[in-house]
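For reference, the structure discussed in these notes is given below.
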Protein chains: 2
Amino acid sequence: MINMAEEGDGARDGGRIPAPDQQVANFCQTRRARRTEIAEDYVELIADLIDSGGEARAVDIARRLGVSHATVIKTIGRLQRDGLVVSKPYRSIFLSDAGRRLAEWSRSRHDLVVKFLLAIGVSEETAHADAEGMEHHVSPETLAAFERHIQRQRSNG
Amino acid sequence: MINMAEEGDGARDGGRIPAPDQQVANFCQTRRARRTEIAEDYVELIADLIDSGGEARAVDIARRLGVSHATVIKTIGRLQRDGLVVSKPYRSIFLSDAGRRLAEWSRSRHDLVVKFLLAIGVSEETAHADAEGMEHHVSPETLAAFERHIQRQRSNG
DNA sequence: TGCAGGTTGTAGCCATGGCTACATTTGCTC
DNA sequence: GAGCAAATGTAGCCATGGCTACAACCTGCA
């Protein structure tokens with residue numbers, strides 16, 4: 001349980017409501033992240049499938065995501081429209097250069113989040129589960145803090 | 001049939017492709033969280049507005065979220081349908097018992113995530129921004145790890 | 001060679017979460 | 001008490017991300 005009766009840090013002195021402008025900015029940033037997380041999940045998964053099995057097929061993506069194949073086909077169409085993916089009818093799916101860059105970025109961020117969660121004592125299973133959702137909302141600054149923490153812990157034994 | 005060539009190509013420790021079943025579970029959990037995060041944002045914000053200003057009006061919510069008032073009205077309708085909110089036409093908005101419970105839970109989780117990010121050296125601004133998106137994907141286990149870390153740091157000076 | 005079954009694609013449905021434009025209601029001020 | 005500005009509500013549009021059902025395509029094997 002979490003004790004939210006914990007008062008007195010200066011972050012929300014006298015009324016916890018933040019400044020409206022800042023709050024708008026935060027929510028807008030979050031909405032922006034929400035719009036891109038599906039794309040990131042897809043390109044990351046496609047890259048993984050290609051690296052480990054040689055190709056990414058719609059049916060494999062569907063099985064991995066736990067989603068119908070029709071959903072995958074439609075989403076792949078959008079990704080292609082957005083220039084992240086290349087696919088020809090009835091052939092398997094490839095990443096464009098932009099898609100590959102995004103996949104590599106997503107993948108490294110994902111891995112760092114997992115490592116960080118493990119480093120602070122989260123179980124393997126939960127680390128992977130939580131990372132899947134968290135990764136899309138972790139800014140470079142926070143990512144850097146994660147990395148620092150891992151390094152610090154490593155050097156301290 | 002499904003020849004998951006699951007041999008570890010050593011890209012990462014033990015091959016980075018996870019077991020399919022676990023991956024499906026992770027993605028499903030993430031999708032579940034995505035469906036509830038808007039509701040959580042709303043009830044949290046409504047609770048904040050009520051606590052700090054006495055009432056929550058649609059126009060205030062809209063201004064805080066950076067969204068049109070029509071979007072807010074429609075969403076409030078869904079929240080009411082789902083039993084999280086009570087509102088009568090042309091009146092301000094209140095939380096049901098369930099809504100209040102959800103708001104308190106979301107709020108405490110939010111605050112803990114912010115505190116944790118600050119504790120590992122993230123700036124105030126980024127901590128608040130990232131927490132807004134991350135909070136919805138942090139499991140109780142990870143939250144507990146966050147709390148442990150804060151405690152540990154506090155006692156170590 | 002042909003066909004059965006798996007894979008891919010298409011069509012059409014639904015809910016969500018955005019938006020603009022317009023209509024209605026409220027409440028304050030004069 | 002009338003009028004006006006602000007708040008609320010309604011209608012209708014769009015894209016996204018789900019789904020099922022059905023159609024088309026490819027391929028391996030008998």
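Residue numbering restarts at 1 for every chain, and letters A, B, ... go by the order of the sequence lines.
At distances below 3.5 Å, at least one donor-acceptor pair connects side-chain atoms of A:His128 with backbone N or O atoms of A:Glu124.
To the nearest angstrom, C1' of D:dC25 lies 17 Å from NZ of A:Lys88. We find that CZ of A:Arg91 is positioned 21 Å from P of C:dG6, with the value rounded to whole Å. The distance from atom CZ of A:Arg57 to atom P of D:dT27 is 12 Å, rounded to the nearest whole Å. Taking atom CD1 of B:Ile73 as the reference point, atom P of D:dT10 lies 8 Å away to the nearest angstrom. Taking atom CD of residue A:Gln80 and atom P of nucleotide C:dT8, one finds them 14 Å apart after rounding to whole Å. A:Ile76 has its CD1 atom 13 Å from the P atom of C:dT10, to the nearest Å. To the nearest angstrom, C1' of C:dA23 lies 8 Å from OH of B:Tyr90.
Residue pairs satisfying the salt bridge (charged side-chain N to carboxylate O under 4.0 Å, His left out) criterion with at least one member in residues 66-92 of chain A, sequence neighbours excluded, are absent.
For A:His136 and B:His137, the distance between ring centers is not under 6.0 angstrom.
Taking A:Phe146 as the reference, A:Phe116 meet the ring pair (Phe, Tyr, Trp, His ring centres under 6.0 Å) condition, with sequence neighbours excluded.
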Which letter, B, S or -, goes with each nucleotide of nucleotides 16-21 of chain D from 5' to 3', with contact meaning a protein heavy atom under 4.0 Å? SBBBB-
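The residues B:Asp41 and A:Arg31 are annotated as not salt-bridged, no charged nitrogen and carboxylate oxygen being separated by less than 4.0 angstrom.
Hydrophobic clustering (side-chain heavy atoms under 4.5 Å, transitive across Ile, Leu, Val, Met, Phe, Trp, Tyr) groups B:Leu45 together with B:Ile38.
Along DNA chain D, the nucleotide closest to B:Ala56 and the one closest to A:Pro89 are compared, and the more 5′ of them pairs with B:Ala56.
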